[in-house]
2 protein chains.
Amino acid sequence: MDGMPVSDLSPAAQDYLKLIWSATEWSATPVTIGVMAERLGVRPSTVSDGIKKLARQGLVAHAPYGSIELTDAGREHAVAMVRRHRLLETFLVDVLGYGWDEVHDEAEVLEHAVSDKLIGRLDRKLGHPTRDPHGDPIPAPDGKPHAPEGTQLSAAAAGGTVAITRISDADPQMLRYFTQLGLAPDTRLTVREHRPYADVTTIRLHGPDRDIDLGASASDAIWVVAV
Amino acid sequence: MDGMPVSDLSPAAQDYLKLIWSATEWSATPVTIGVMAERLGVRPSTVSDGIKKLARQGLVAHAPYGSIELTDAGREHAVAMVRRHRLLETFLVDVLGYGWDEVHDEAEVLEHAVSDKLIGRLDRKLGHPTRDPHGDPIPAPDGKPHAPEGTQLSAAAAGGTVAITRISDADPQMLRYFTQLGLAPDTRLTVREHRPYADVTTIRLHGPDRDIDLGASASDAIWVVAV
DNA sequence: GCCAAATGTTAGGCTTAACGAACAATAATG
DNA sequence: CATTATTGTTCGTTAAGCCTAACATTTGGC
């Protein structure tokens, strides 16, 4: 139902589609021009122009002043880009020995340069992985979503013992902080308490048995599942 | 005397510099606007503009209507790009299992997208290789040339037994043909005769003991050393 | 050594992706 | 519910990198 490979889109178009898809992966917040502009580090006017063009190409649905949604064709390209990004991150960590906090920016550039053939080879080399180094699901070649699991740490019931399933890779700075603390995918911990007005969640790490206070942005970035 | 990493140049500028360097690697033919335009697949006017800009940046020496030469700074960037290209080709063959005739175009794109850090990791992963899959020398990080060796097959003495040291990667089509024939770096053969006006060189492959006639473009693309 | 052919340069346009400024529409507040 | 604040859109520019067409300079043949 298209024939156009994702590589035929401009890097900017690829970024737009990937961002729209990613923004709705873990929450249902509607995607707006402003949010996109901020995350892409460009001006709203630039995004407004760009979205208009994607709409003309039938990749997004967008009425002026309305919110932005992917069409089926647009979603297909977006998922292909996410697959690229996550396979590349996995490669950088597993094969080249990068730290999991160092891979995001590198993958961000590479994802626009690799061919479908290279992605296929990489997938084979890596043993068809289903999770990237942050625990994010890697979509299959056909775009099947690899259903995500877990809830944000900020929403996990106090007292429960959980394992980290994913950590948002949006902020490398934060990832380095987590590394220092010993927080990574598969780390086990107990949720001790949420202190609502301080926006602080206290957790206890298993193993070192250390207590850690996390602010809202940190406990929103960590996804856990009960064990 | 620079500090500017090669990644700060535009992809087009990187291509120009790499091409100028490569053109003089195996022969002393002066580089002209026309040659560059043809190899890059763009119009001479485009190259003329581009070279003027590189001259302003102090990366090439070029007086109007004159020939084109790299400055020391330009050479540094050019060699860095060649290093990237050849390490990437080696990676694609050694790690991802590409055929040596499939890697050129992929590397051509990737070389503009990888970081210096990635190149360093790749080099280590590959065991600091000194030759790429075509037998071309991989410059060291400091730009030291890894002295080339051998002569073109077209210039090798008839009757001599030689080993292939490199095969120009300029034409993937030709590489596929060579693969079919069993010609690759390290292949041993005997030069039987050069027939000057037919522009044909006859060689005998060791092992299969097969005789092969090669035209001028083929016997220019193959470099050999006496064994 | 002159003139034509080959080669190189300049000038003017096009496209993409960015910007800022001015304007339009929607949302929020009193 | 009117007015202000926020958010989104349009429009005119800019910078790269490409193009074509017109012009300039070399080079090579006779």
Side-chain angles (χ1 to χ4, degrees), chain A residues 4-20 23-24 29-70 74 77-78 81 108-109 111-113, chain B residues 4 6-20 23-24 28-70 74 77-78 81 108-109 111-113:
Chain A
M4 176 175 62
V6 67
S7 342
D8 287 0
L9 270 53
S10 74
Q14 293 174 347
D15 282 339
Y16 284 19
L17 295 175
K18 181 165 68 95
L19 173 50
I20 298 166
T24 54
T29 328
V31 185
T32 65
I33 296 284
V35 168
M36 291 189 65
E38 209 221 300
R39 292 234 219 153
L40 292 167
V42 299
R43 297 283 146 188
S45 59
T46 306
V47 177
S48 186
D49 283 351
I51 288 295
K52 195 165 42 166
K53 203 163 138 198
L54 288 180
R56 258 191 271 115
Q57 292 175 84
L59 298 171
V60 302
H62 175 240
Y65 299 98
S67 76
I68 301 157
E69 269 168 47
L70 293 171
H77 291 303
M81 290 311 297
E108 200 72 23
V109 177
E111 67 191 13
H112 301 299
Chain B
M4 176 174 62
V6 67
S7 342
D8 287 2
L9 270 53
S10 74
Q14 292 173 347
D15 281 340
Y16 284 18
L17 296 175
K18 181 166 67 96
L19 173 51
I20 298 166
T24 55
T29 328
V31 185
T32 64
I33 297 283
V35 169
M36 291 189 64
E38 210 221 300
R39 293 233 219 153
L40 292 167
V42 299
R43 296 290 153 177
S45 58
T46 305
V47 177
S48 187
D49 281 353
I51 289 294
K52 196 164 44 165
K53 203 162 138 198
L54 288 179
R56 257 191 271 116
Q57 293 174 85
L59 299 170
V60 303
H62 175 241
Y65 300 99
S67 77
I68 300 156
E69 265 165 53
L70 293 171
H77 292 304
M81 290 311 298
E108 201 71 23
V109 178
E111 66 192 13
H112 301 300

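Just so you know, these numbers use all the heavy atoms, side chains as well, and skip hydrogens, waters and symmetry mates. Proteins come first, then strands; the chains are lettered A, B, ... in the order of their sequence lines, and each starts at number 1.
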Rounded to whole angstrom units, what separation is found between the NE2 atom of A:His62 and the C1' atom of C:dA25?
12 Å

Roughly, in whole Å, what's the span from CD in B:Gln14 to P in D:dG17?
10 Å

d(CD1, A:Ile33; C1', D:dT6) in whole Å:
14 Å

Separation of atom CD1 in B:Ile68 from atom C1' in D:dT26, rounded to whole Å:
15 Å

Nearest heavy-atom neighbours spanning B:Leu54 and B:Ala13
CD2-CB, 3.8 Å

Mind listing the closest non-hydrogen atom pair of A:Ala78 and A:Leu17 along with its distance?
CB-O, 3.4 Å

Rounded to the Å, how far apart are A:Ile51 CD1 and D:dT9 P?
9 Å

B:Ile51 to B:Tyr16 - nearest heavy-atom pair and separation
N-CE2, 4.0 Å

Minimal heavy-atom distance between A:Ile68 and A:Thr32, with the atoms involved, is CD1-C, 3.9 Å

Between atom OH in B:Tyr65 and atom P in C:dT7, what is the gap in whole Å?
14 Å

Mind calculating the distance between CG (B:Leu54) and P (D:dA16) to the nearest angstrom?
12 Å

If we only count heavy atoms from C-beta on, is the B:Leu70 to B:Thr24 side-chain gap below 4.5 Å?
no

Step by step, would you call B:Lys18 with B:His77 a side-chain contact (heavy atoms from CB on, under 4.5 Å)?
CA-CA 8 Å; B:Lys18 181 166 67 96; B:His77 292 304; over 6 Å; no

Reading 5' to 3' through nucleotides 10-21 of chain C, protein heavy-atom contacts under 4.0 Å coded B for base, S for sugar-phosphate only, - for none
B-----SSSBBB

